[in-house]
2 protein chains.
Amino acid sequence: MPTIASKPSGAKRGRPGHDQDSVLSIAVQVFNKHGYDATSMGTLADNLGISKSAIYHHVPSKGDLLDKALDEALIPLEALGEDPRATMGTAAERLEFVLRSTIRVLVERQPYVTLLLRLRGNTEIERRALERRRAVDRRLADLVVGAQQEGSLRADIDPRTTTRLMFGTINSLVEWYRPDGPSTPQQVEDNAIAMMLDGLRA
Amino acid sequence: MPTIASKPSGAKRGRPGHDQDSVLSIAVQVFNKHGYDATSMGTLADNLGISKSAIYHHVPSKGDLLDKALDEALIPLEALGEDPRATMGTAAERLEFVLRSTIRVLVERQPYVTLLLRLRGNTEIERRALERRRAVDRRLADLVVGAQQEGSLRADIDPRTTTRLMFGTINSLVEWYRPDGPSTPQQVEDNAIAMMLDGLRA
DNA sequence: GTCTATATGTTGATAGAC
DNA sequence: GTCTATCAACATATAGAC
């Protein structure tokens, strides 16, 4: 099995020479490749190029690694609610702003958000993260309802379904968007918004 | 932890009295709740109301259980390609037919398709299933390209992105649609198609 | 069709040397 | 910052009785 090659950010001399950030960033890649539960500290060690026990010099536990990774996704998502543009103007304007900035966070922090979106809530750490995610989701759901009541969004689809469809479309970005692919983040953002609001029909 | 209560289809007398189908159907629910890798034969046994070893009376291995479950999703998906309506008429007509019938399969066989869509390709069984899934996906991707060349779909979004956005929207249904919820399958199908083709804007 | 007991490997994590 | 050696817990799966 090929491992994830990547020089640690602060590489010095000897061999790997990892620090906490390089461990975290590689760990998240490996978690996403095989799934968090299917990734053992052994395979993670192989991908880091160090031994299992050396990981514990940088991080106290596998769960803590997950916890730190999820923060990398949740903190920027939670910050979107603080932006004044999310609370001013018509519901339609606020909604489009939040949709676009959510997409931008998903794309910029893709590996971390991927991990978040695949959680099943098996441990206390996962359940805490899922609760924070639900809080973020609720804000967006309220904006959709607002835009629909305001008359900016079609009313022949019920608000819950509208919200779910938008979430589904946006969240699926993490499953296929690659920063090194042919599309720029701006193009993906525009294309997703274009389909959701105006449709694909010519 | 609450277990998944469900009487086996052919319940007779004593206690559980499972057959292969009831084991499979409950197993898939548990797999989806905790993730396949995170589900041990022990937790599965608890949910079935029998002991670990009793499972092996019905099924030769955990991997075989997964294999049978994935067939339940893949066979109907593969069958869509055989339908004459998928190969006749304009590309736009064929595309809408395949989109709608794909949605219907996702909704009807939701637990099995959910399992399929979450695979990471960790074992040979998973990789074989993913290859079959990719073959199904390629057919739909070709239809999108056809419809775009034909002029039925807008040309300002590149075909790969168009395809991905549609897959993302459709596939996300398994994450939130519940047959016992407020929406009928027909409504979900119509709403998803409405957003993708005509957009949510009023 | 189910059970108890058990074989055999893998897991996350620790101890202590270099 | 890394290693080897080790551990208890838990994994999948089997043997054989009822």
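Chain naming here is simple, since letters A, B, ... match the order of the sequence lines and numbering starts at 1 in each. In what follows, every heavy atom counts, from backbone to side chain, and hydrogens, waters and symmetry copies are set aside.
- Applying the side-chain hydrogen bond (donor to acceptor under 3.5 Å, both in side chains) criterion to B:Gln186, with sequence neighbours excluded, gives B:Asp190.
- For B:Ala27, the side chain to side chain contact (heavy atoms under 4.5 Å, CB included) test picks out B:Phe31, B:Leu44, B:Leu65, with sequence neighbours left out.
- At whole-Å resolution of the value, CE in A:Met41 and P in D:dC10 are 17 Å apart.
- Legend: salt bridge (Lys or Arg N to Asp or Glu O under 4.0 Å) pairs involving residues 156-170 of chain B, not counting sequence neighbours, sorted by first then second residue: B:Arg154-B:Asp156, B:Asp158-B:Arg160.
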| What one-letter contact string describes nucleotides 5-10 of chain C from 5' to 3', where B marks a base within less than 4.0 Å of any protein heavy atom, S marks contact via sugar-phosphate atoms alone, and - marks no contact? | ------
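- Remark: A:Ser51 is not in phosphate contact with D:dT2, judged by side-chain N or O atoms under 4.0 Å from OP1 or OP2.
- Within the 4.5 Å cutoff, the side chain of A:Leu95 has no heavy atoms near those of the A:Thr90 side chain.
- Using a 4.0 Å cut-off between charged side-chain N and carboxylate O, B:Glu126 and B:Arg133 make no salt bridge.
- When rounded to the nearest whole Å, the span between CG of B:Asp37 and C1' of C:dG12 equals 16 Å.
- Considering every non-hydrogen atom in both B:Val174 and B:Gln110, the closest pair reads O-NE2, 3.1 Å.
- Atom CG of A:Leu65 and atom P of C:dA13 are 10 Å apart (whole Å).
- Of the residues B:Asn47, B:Leu48, B:Asp46, the one that meets the side chain to side chain contact (heavy atoms under 4.5 Å, CB included) test with B:Val30 is B:Asn47.
- In this structure, the CG atom of A:Asp46 is 12 Å from the P atom of C:dG12, given to the nearest Å.
- With D:dT2, C:dC3, C:dA13 as the choices, the nucleotide that has an atom nearest any side-chain atom of A:Ile50 turns out to be D:dT2.
- The distance from atom CG of B:Leu66 to atom C1' of D:dT12 is 15 Å, rounded to the nearest whole Å.
- Distance, A:Leu44 CG to D:dT2 C1': 15 Å, rounded to whole Å.
- Contacts of residues 56-64 of chain B with DNA chain C (heavy atom under 4.0 Å): B:His57, B:His58.
- To the nearest angstrom, C1' of D:dT12 lies 17 Å from CG of B:Asp67.
- With sequence neighbours left out, B:Gln148 forms a side-chain hydrogen bond (donor to acceptor under 3.5 Å, both in side chains) with B:Thr162.
- For the pair A:Tyr36 OH and C:dT11 P, the interatomic distance rounds to 14 Å; values are reported in whole Å.
- Using a 4.0 Å cut-off between charged side-chain N and carboxylate O, B:Asp71 and B:Arg132 make a salt bridge.
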